[in-house]
2 protein chains.
Amino acid sequence: MALEHAILVSLAERSASGYDLARRFDASIGHFWKASHQQIYKVLARMEADGWVSTERVSQGARPDKKVHAITETGHAELLAWSARPTPAEAVRSEFAVRIRALHLIDRATVLGAVRDRRQQHEDALAGYEASRRKYFADPAELADDEIGPYLALRGGIRLERNGIDWCDEIIETLGQR
Amino acid sequence: MALEHAILVSLAERSASGYDLARRFDASIGHFWKASHQQIYKVLARMEADGWVSTERVSQGARPDKKVHAITETGHAELLAWSARPTPAEAVRSEFAVRIRALHLIDRATVLGAVRDRRQQHEDALAGYEASRRKYFADPAELADDEIGPYLALRGGIRLERNGIDWCDEIIETLGQR
DNA sequence: TTCTTCATGTAATTGGTTACATGATTAT
DNA sequence: ATAATCATGTAACCAATTACATGAAGAA
């Protein structure tokens, strides 16, 4: 009950094929919501059946046809209804945190390796976010109305990665002292 | 392929019934991994079949019998094997972030309400973590070997909630300026 | 008398992953 | 030659949620 809405948000910004959406979910939107192409196609079919999106088949000569999906009136209404519902608590599932909690049960060096790996992943993700920020939001004081959301979401991503790096550093430092 | 391991970690600390585990997953471990009792009973049955845990039925007079589960040698071996496998990237699914990204599509006041709610949730969770820290880790310089993991995990929780609060504040402030 | 705690589950459904499938075009 | 990109899906399976079920003890 939420991939639907992430897709609606993405289609409200710009109509797209399932393939396009899958790429978006690998990039921008995907920072907050991951989805595979198989899943997207399945959900898209249901959304079409529910009348949330309309579908237009576009032939492109050589390349395979694509189905371009656009959000409908009904889809917009659903977006509003969704936004008015209370945000459910998020399912927390951090295998990394479970490993940290299990520190004394497993090999110290192995854990340290995992922490360093994860620190690097955060570092990479952060670099990507920072690049987006420089590219799309050079001057945060001058944001158009429809840019505030994406900007604040990006800020959330940046904060999350920095926070992850800091935690990794604390773990490495604490373990280094013993 | 991971609730199993969270359960193993919990049972390695202390043997427990499914009911006990469900309560732990509502408290300590549950900060990093949520699980319902139905799910726990199901997984526990599979773990018993795989020989990861042993089960002893304990009658308690008036109260219903309970099945106390303990980690086995095989279970410990599996924990070690699991810890040596690379940590898979975590599935990110933040409905809150999707809502923030969709800011311009939905009602401003509604979003602000959701942000304030969420800030309060973070505040409450933080208060709980801080209480645990004071209660169990009064002096972080004097940690026993088997306390470092739980302590560092708790620190991760504290950082996460603080970070969430800061992000909410940034959102509220940015929206207040327009 | 109603609610909460203790204690265990089954059944149905939804959501998501993994594996498999096809086929042309363009870049290395 | 080989791999990647474009474009769409089906099928099987696993994980997780929701709803339903039972029953006694003790607290409000």
Side-chain angles (χ1 to χ4, degrees), chain A residues 1-8 11 15-27 29-30 32-50 52-53 55-69 82 85 88-95 98, chain B residues 1-8 15-27 29-30 32-50 53 55-69 82 85 88-95 98:
Chain A
M1 273 293 156
L3 172 56
E4 277 87 334
H5 300 103
I7 290 178
L8 283 180
L11 289 181
S15 296
S17 67
Y19 187 85
D20 295 333
L21 282 169
R23 276 185 313 165
R24 287 188 203 168
F25 274 79
D26 262 356
I29 279 269
F32 320 111
W33 204 280
K34 298 248 175 263
S36 64
H37 70 105
Q38 293 94 330
Q39 202 188 340
I40 289 169
Y41 284 120
K42 218 191 303 180
V43 170
L44 228 26
R46 184 166 65 228
M47 289 168 78
E48 205 194 332
D50 291 344
W52 296 5
V53 299
T55 301
E56 197 200 347
R57 190 157 210 124
V58 177
S59 15
Q60 317 177 93
R63 290 195 196 150
D65 287 6
K66 67 172 163 182
K67 291 184 183 176
V68 177
H69 306 279
W82 164 75
R85 286 197 286 273
E90 261 142 50
V92 189
R93 256 174 211 134
S94 171
E95 186 164 332
V98 174
Chain B
M1 272 298 155
L3 171 56
E4 277 87 336
H5 301 103
I7 290 177
L8 283 180
S15 297
S17 66
Y19 187 85
D20 295 334
L21 283 169
R23 276 184 314 165
R24 286 187 204 168
F25 274 78
D26 262 358
I29 280 267
F32 320 111
W33 203 281
K34 298 250 175 262
S36 64
H37 70 105
Q38 293 94 330
Q39 200 189 342
I40 289 170
Y41 284 121
K42 217 190 302 179
V43 170
L44 229 26
R46 184 167 65 227
M47 289 169 78
E48 205 194 330
D50 291 344
V53 300
T55 301
E56 197 199 346
R57 189 158 209 123
V58 178
S59 17
Q60 318 176 94
R63 288 192 200 155
D65 287 6
K66 68 172 162 183
K67 291 184 183 175
V68 176
H69 306 277
W82 164 73
R85 287 198 286 272
E90 261 142 49
V92 189
R93 256 172 211 136
S94 170
E95 186 164 332
V98 174

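Here is how names work: the chains are called A, B, and so on, in the same order as the sequence lines, proteins then strands, and each is numbered from 1. A quick note: this is a predicted structure, and the numbers were derived from the prediction, not measured.
- Distance from the side chain of B:R93 is smallest for C:dG16 among the nucleotides D:dA7, C:dG16, C:dT5.
- A close approach under 4.0 Å does not occur between any side-chain nitrogen or oxygen of A:S17 and OP1 or OP2 of D:dC6.
- Between B:Y19 atom OH and D:dG23 atom P the separation is 18 Å, expressed in whole Å.
- Residue contacts for A:Q38: at a heavy-atom cut-off of 4.0 Å it reaches a base atom on one of the strands shown.
- None of B:I29, B:V53, B:V43 except one satisfies the side-chain contact (heavy atoms from CB on, under 4.5 Å) rule with B:I7; the exception is B:V43.
- To the nearest angstrom, C1' of C:dA7 lies 10 Å from CZ of B:R63.
- Straight-line distance from the CZ atom of B:R46 to the C1' atom of C:dG9: 16 Å, rounded to whole Å.
- Here the P atom of nucleotide D:dA7 and the CZ atom of A:R24 are 13 Å apart, to the nearest Å.
- Atom CD1 in A:I7 sits roughly 13 Å away from atom C1' in C:dG16 (whole-Å rounding).
- From A:H37, atom NE2 reaches atom OG of A:S17 across 12.5 Å, with rounding to the nearest 0.5 Å.
- In this structure, A:E48 atom CD and D:dG9 atom C1' are separated by 14 Å, rounded to whole Å.
- Phosphate proximity of C:dA7 to B:R23: absent, as no side-chain N or O sits under 4.0 Å from OP1 or OP2.
- When the C1' atom of C:dT5 is taken as reference, atom CG of B:D26 falls 13 Å away, rounded to whole Å.
- Each of B:A91 and A:P64 was assigned the nucleotide of DNA chain C with the nearest heavy atom; the assignment lying further toward the 5' end belongs to B:A91.
- A donor-acceptor pair under 3.5 Å is absent between the side-chain atoms of A:D26 and the main chain of A:R23, judged by distance alone.
- A sub-4.0 Å separation between OP1 or OP2 of D:dA15 and a side-chain N or O of B:Q39 is absent.
- Side-chain proximity of B:L3 to C:dT8, D:dA7, D:dA16: nearest is D:dA16.
- Aromatic ring pairs are classed by plane angle as parallel below 30°, tilted from 30° to 60° and perpendicular above 60°; the pair A:W52 and A:H5 is tilted.
- Using a 4.0 Å heavy-atom distance criterion, A:K67 is classed as a sugar-phosphate-only contact.
- For the pair A:K42 and A:Q60, nearest-nucleotide mapping onto DNA chain D gives the more 5' position to A:Q60.
- Going from atom NE2 of B:H37 over to atom P of C:dT4 covers 15 Å, rounded to whole Å.
- At a threshold of 4.5 Å between non-hydrogen side-chain atoms, the residues B:E95 and A:W82 count as touching.
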